[in-house]
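Not measured: the values here are computed from a predicted model.
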Amino acid sequence: MTELQTVKVMVVDDQQLMRDGISSLLGIQEGIEVIGTAANGQEAIEQALALAPDVILMDVRMPVMNGITATEQIRRQLPTCQVLMLTTFDDEEDIVKALIAGANGYLLKDIPAQDLAQAVRLAHRGIYQLEPSIAGKLVGMLNKQASSAAPTATTKKESSAQAVAAQFDLTEREMEVLQLIATGATNREIAEDLVVSEGTVKNHVSNILSRLGLRDRTQAAIFARENNLL
């Protein structure tokens, strides 16, 4: 039987009782080692740079510096460190901002200890996670935005696409790929739709992420929706 790889975890929360509780619960889970804690975003950055954790469990609303700002800075300085937001707040705006900042998921604090441990292991492997209620809120918010823009959707879409293409120097084909990414299409599906090879699509995706300064397809999809490209 293959032994689980030990995942080094840091817990960030402004409430000491919560920090200690989460640390204790995770500390007894197989394959997980809690190597440090922090009480706010600024401490989280300092501790992360000093300890180099694999995964950080990050609260959202904290004094001194909030978790979203801290996540953005940590992901920029330690790109191999994954961040899972762990909070009591399920505000749609916080969810979107956290994902754009580079978080690998958004979980609520009522999650069972074993599920949290599994979420940490999955985050370490780069797998995104949203609780069903969180995912529902995100989809609902995006659908609401789409509905409110419906009367002038075509005009706005064209105008937004032109503005984004000009600002980030994207070609017409790259814009088409970006829009298809936002619909959830895979590279194979995009290749079939545009009648090109998967390799060509991969090159377009890589160029899009580079020019937009984004980390992955999830951020690209959020970017496209936030900029009215659908």
**OP:** Indicate whether the side chain of Gln118 and that of Arg121 have a donor and an acceptor atom separated by less than 3.5 Å.
**Re:** yes

Subject >> Candidate pair Asn104 and Ile127, rule side-chain contact (heavy atoms from CB on, under 4.5 Å), full reasoning >> reply: CA-CA 7 Å; Asn104 262 69; Ile127 298 175; 6.0 Å; no

Quick one: does [X]'s side chain have a donor or acceptor within less than 3.5 Å of a partner on [Y]'s backbone?
X	Y	result
Ser206	Asn203	no
Glu43	Ala39	yes
Arg75	Cys81	yes
Arg217	Ile181	no

[atom1] of [X] to [atom2] of [Y]: how many Å apart, nearest 0.5 Å?
X	Y	atom1	atom2	value
His124	Thr80	NE2	OG1	9.0 Å
Glu198	Ile190	CD	CD1	10.0 Å
Ile68	Ile95	CD1	CD1	9.5 Å
Asn187	Glu192	CG	CD	11.5 Å
Phe223	Thr218	CZ	OG1	15.0 Å
Thr69	Ile74	OG1	CD1	10.5 Å

Shortest non-hydrogen contact from [X] toward [Y]:
X	Y	answer
Leu209	Asp216	CD2-O, 3.4 Å
Val120	Val55	O-CG2, 3.7 Å
Leu170	Glu174	CA-OE1, 3.3 Å
Val12	Ala44	CG2-CB, 3.7 Å
Ala70	Met58	CB-CE, 3.9 Å
Arg225	Ala182	NH2-O, 3.1 Å

Within a strict 4.5 Å, meaning less than it, do heavy atoms of the [X] and [Y] side chains meet?
X	Y	answer
Asn66	Val60	no
Ile45	Met65	yes
Thr171	Asn207	no
Val201	Leu180	no
Leu86	Leu107	yes

Original post:
With sequence neighbours left out, what residues match Thr200 under side-chain contact (heavy atoms from CB on, under 4.5 Å)?
Top reply: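 Partners of Thr200 by the side-chain contact (heavy atoms from CB on, under 4.5 Å) criterion, ordered by chain and then number, come out as Val196, Ser197, His204.
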
Subject >> Results of salt bridge (Lys or Arg N to Asp or Glu O under 4.0 Å) for Arg125 - residues two or more places apart only >> reply: none

Are [Y] and [X] linked, directly or through intermediate hydrophobic residues, by side-chain heavy-atom contacts shorter than 4.5 Å (ILVMFWY only)?
X	Y	answer
Met10	Leu49	yes
Leu25	Ile32	no
Leu122	Tyr106	no

Original post:
Considering residues, nucleotides and ligands other than Gln114, do more than 12 of their heavy atoms fall under 6.0 Å from its CD?
Top reply: no

Subject >> Residues Asp59 and Lys109 bridged, charged N to O under 4.0 Å >> reply: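 The answer is yes: the pair qualifies as a salt bridge.
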
Subject >> Test log, rule side-chain contact (heavy atoms from CB on, under 4.5 Å), inputs Arg61 and Asp94 >> reply: CA-CA 9 Å; Arg61 302 180 186 179; Asp94 286 340; 2.9 Å; yes

**OP:** Identify which one of Glu226, Glu72, Gln219 satisfies the side chain to side chain contact (heavy atoms under 4.5 Å, CB included) criterion when paired with Ile100.
**Re:**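 Going through Glu226, Glu72, Gln219 one by one, the side chain to side chain contact (heavy atoms under 4.5 Å, CB included) with Ile100 is satisfied by Glu226 alone.
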
**OP:** Before giving the answer on side-chain contact (heavy atoms from CB on, under 4.5 Å), spell out for Met175 and Leu229 the whole-Å C-alpha distance, their side-chain angles and the decisive distance to 0.1 Å.
**Re:** CA-CA 9 Å; Met175 289 301 301; Leu229 301 183; 3.9 Å; yes

**OP:** Evaluate the side-chain contact (heavy atoms from CB on, under 4.5 Å) criterion for residues Leu57 and Leu26: first the C-alpha distance (whole Å), next the side-chain angles of each, then the deciding distance (0.1 Å), finally the verdict.
**Re:** CA-CA 11 Å; Leu57 291 175; Leu26 284 179; 3.3 Å; yes

